[in-house]
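One structure below.
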Number of protein chains: 2
Amino acid sequence: MSISKTNRLSLVEQVVSQIEALIESGEWKIGNQIPPEMDLIKQFDVSRNTLREAIRSLVYAGLLVTKQGKGTFVRSSSALGIAFQRRIQQSSLLETLDVRHALEREGAQLAALRRDQEDIEKLRSNIEVCRIAAKAKDIKAYEEADIQLHKSIMGCSHNSLLIDLYEHMEDSLHDSIHQIIELSSEANFHLTLHCNLVDAIIEQDVNRASEMVNEYIAQFKKNLE
Amino acid sequence: MSISKTNRLSLVEQVVSQIEALIESGEWKIGNQIPPEMDLIKQFDVSRNTLREAIRSLVYAGLLVTKQGKGTFVRSSSALGIAFQRRIQQSSLLETLDVRHALEREGAQLAALRRDQEDIEKLRSNIEVCRIAAKAKDIKAYEEADIQLHKSIMGCSHNSLLIDLYEHMEDSLHDSIHQIIELSSEANFHLTLHCNLVDAIIEQDVNRASEMVNEYIAQFKKNLE
DNA sequence: ACCTCAAATTTGTAGGATGATTGGTTCATT
DNA sequence: AATGAACCAATCATCCTACAAATTTGAGGT
């Protein structure tokens with residue numbers, strides 16, 4: 001008896017893999033429309049059912065999105081991110097905040113260790129946008145700028161897994177930032193904290209970066225009560 | 001024009017949701033066989049195509065597994081584990097370790113803050129099993145005991161999201177790499193570190209708990225080189 | 001130039017037919 | 001009775017055609 005424990009892949013699985021590869025390689029770019037079913041049937045040489053089962057799988061995983069009458073589009077290149085996002089939606093804000101603390105602190109510390117010149121410029125640019133929005137008291141703009149800043153910080157870690165997970169917490173981010181901003185008394189403190197955080201990262205002060213994140217998260221928790 | 005941005009759910013999505021609910025509620029238990037396609041077609045009152053697309057989606061997500069000629073079985077109740085597994089297989093081990101550090105440190109600190117009497121007993125029991133395995137120089141048993149201890153520590157955080165993430169990541173990590181633990185050395189640095197960590201948690205010493213995790217992960221990274 | 005409505009495009013759903021794999025059953029042979 | 005070969009039933013895998021629903025496109029008339 002041959003020991004080929006792994007059965008051959010089904011056609012659907014093969015098609016799924018090929019589509020994953022197309023997305024992963026960037027040949028199918030995020031946001032773009034993919035060829036219609038009929039074209040893909042010819043391209044992959046499978047039946048419509050087989051192709052649709054493959055597409056459906058990737059839709060459920062969050063990589064694709066279909067719109068009846070319009071077409072199918074690439075939504076994301078990370079199935080993990082979507083799964084994470086779904087799990088978060090079932091959790092309380094407090095639980096999510098713990099996880100966010102874990103990721104943000106790690107990200108800030110790694111950022112302080114690994115940031116390069118390009119990162120520094122981006123951080124400075126991001127924090128400047130925050131300042132301007134704060135001065136103009138444009139809450140919506142500040143919210144957006146703050147999120148961009150946080151993403152940039154995580155980007156400095158140069159860890160794609162960490163970045164991926166963090167970016168899919170965005171819904172939770174919006175909630176918490178929105179709450180903070182409404183208390184205008186704390187908005188200034190909020191901005192100062194972030195300036196300090198960016199400084200710490202630029203100066204490669206790992207401990208201070210960590211402390212700034214701690215304070216920042218603690219402030220959120222306080223507001224949740 | 002009405003502003004109902006969310007279109008109605010497709011039949012496939014409805015069936016997927018219903019199956020998810022059946023699995024989540026435990027009505028379909030993990031490992032068990034689910035009814036054959038024909039029965040489900042009648043139960044959900046949809047066509048074979050629709051049902052199969054739903055099943056396929058859940059197979060891809062890792063909740064179900066189909067075996068031609070035998071049937072379809074429940075594999076897991078969470079899509080996160082599979083998503084992690086796939087991602088970790090492509091991503092570098094160092095990146096995964098950063099994320100693990102983030103989760104473990106947060107978990108240890110929260111454990112120190114939130115552990116109750118029941119947790120303490122469980123930790124003591126876990127560490128005792130580690131000691132016995134170390135004394136017997138049974139590496140396999142020690143590795144297993146070590147994993148159990150770590151899961152117990154995360155359990156002390158009483159944060160189900162954090163626990164879920166950690167367990168899924170740990171499972172995927174564990175199949176891809178086995179830690180090199182030196183049980184032979186007299187000092188037995190690994191065990192000592194863990195004893196200290198448990199002590200810190202019991203004594204609610206947050207900072208020491210954090211430091212122990214740092215050392216533990218640093219050691220892990222060093223062993224990989 | 002603008003509006004209307006029909007046609008084309010694209011995904012969604014239905015149902016039938018056949019192939020492939022597995023598990024069990026029957027039945028003849030030893 | 002034990003064994004093994006052939007057959008059959010259950011189940012998933014793939015392919016096919018047909019029609020429905022949503023959207024875009026374009027022709028034709030005002």
Side-chain angles (χ1 to χ4, degrees), chain A residues 1-19 22-23 28-76, chain B residues 1-19 22-23 28-76:
Chain A
M1 170 187 173
S2 82
I3 324 176
S4 68
K5 59 181 177 183
T6 53
N7 311 321
R8 83 175 201 292
L9 287 176
S10 72
L11 273 183
V12 176
E13 287 167 317
Q14 290 177 46
V15 173
V16 164
S17 292
Q18 291 186 61
I19 296 179
L22 285 167
I23 297 174
W28 286 2
K29 292 187 177 37
I30 293 179
N32 282 13
Q33 182 170 8
I34 73 174
E37 287 178 353
M38 284 308 177
D39 292 9
L40 295 176
I41 287 170
K42 291 170 196 156
Q43 180 174 338
F44 295 128
D45 192 33
V46 293
S47 75
R48 183 154 180 241
N49 277 352
T50 301
L51 176 76
R52 281 185 58 81
E53 285 180 21
I55 300 270
R56 266 292 169 202
S57 299
L58 293 166
V59 167
Y60 179 74
L63 299 194
L64 298 176
V65 56
T66 59
K67 295 172 186 173
Q68 187 174 1
K70 294 174 75 173
T72 303
F73 304 81
V74 181
R75 177 184 171 196
S76 164
Chain B
M1 170 185 172
S2 81
I3 324 174
S4 70
K5 60 181 175 184
T6 52
N7 310 320
R8 82 174 202 292
L9 287 176
S10 71
L11 275 182
V12 175
E13 288 166 316
Q14 291 177 44
V15 173
V16 164
S17 292
Q18 291 186 59
I19 295 179
L22 285 167
I23 296 174
W28 286 1
K29 292 188 177 37
I30 292 179
N32 282 12
Q33 183 170 8
I34 73 173
E37 284 178 357
M38 279 311 191
D39 292 9
L40 294 176
I41 287 170
K42 291 171 197 158
Q43 180 174 339
F44 294 126
D45 193 32
V46 294
S47 74
R48 181 193 333 283
N49 278 351
T50 301
L51 178 77
R52 280 187 59 82
E53 285 179 20
I55 298 275
R56 262 298 170 198
S57 299
L58 294 166
V59 167
Y60 178 74
L63 300 196
L64 298 177
V65 56
T66 58
K67 295 173 185 173
Q68 188 173 1
K70 294 172 75 173
T72 303
F73 303 81
V74 181
R75 179 182 174 193
S76 164

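Everything quoted here is computed from the prediction, not taken from an experiment.
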For a quick check, tell me whether the side chain of B:Asn49 and the base of C:dG15 share a donor-acceptor pair closer than 3.5 Å. yes
Residues touching DNA chain C, which here means a heavy atom under 4.0 Å, drawn from residues 51-65 of chain B: none
Which pair of non-hydrogen atoms, one from B:Ser57 and one from B:Val16, has the smallest distance, and what is that distance? CB-CG2, 4.4 Å
Quick one: is A:Ser10 getting a side-chain N or O under 4.0 Å of the D:dC12 phosphate, OP1 or OP2? no
In chain order, what residues pass the salt bridge (charged side-chain N to carboxylate O under 4.0 Å, His left out) check against A:Arg48, with sequence neighbours excluded? A:Glu37
Residues of residues 33-41 of chain B with any non-hydrogen atom less than 4.0 angstrom from an atom of DNA chain D: list those, numerically ordered, please. B:Pro36, B:Glu37
Counting distance only, does the side-chain N/O of A:Thr50 pair as donor-acceptor with the main-chain N or O of A:Val46 below 3.5 Å? no
According to the salt bridge (Lys or Arg N to Asp or Glu O under 4.0 Å) rule, which pairs have a member within residues 56-75 of chain B, sequence neighbours left out? A:Glu53-B:Arg56
Examine D:dT11: is either OP1 or OP2 under 4.0 Å from a nitrogen or oxygen in the side chain of B:Thr72? Give yes or no. no
A:Thr66 has its side chain closest, among C:dG15, D:dT23, C:dG12, to C:dG12
End-to-end axis angle, where each axis spans five pairs of the helix from C:dA1-D:dT30 to C:dT30-D:dA1, to 10°: 20°
Rounding to a whole Å, what distance do you find between A:Lys70:NZ and D:dT24:C1'? 10 Å
Distance below 4.0 Å between B:Ser47 side-chain N/O and C:dA14 OP1 or OP2: yes
A:Thr72 meets the side-chain contact (heavy atoms from CB on, under 4.5 Å) criterion, sequence neighbours left out, with A:Ile34, A:Ile55, A:Leu64, A:Thr66
Look at the side chain of B:Gln68 against the base of D:dA13 and say whether a donor-acceptor pair falls under 3.5 Å; ignore hydrogens and angles. no
Check the distance between D:dC16's P and A:Leu11's CG and give it to me in whole angstrom. 12 Å
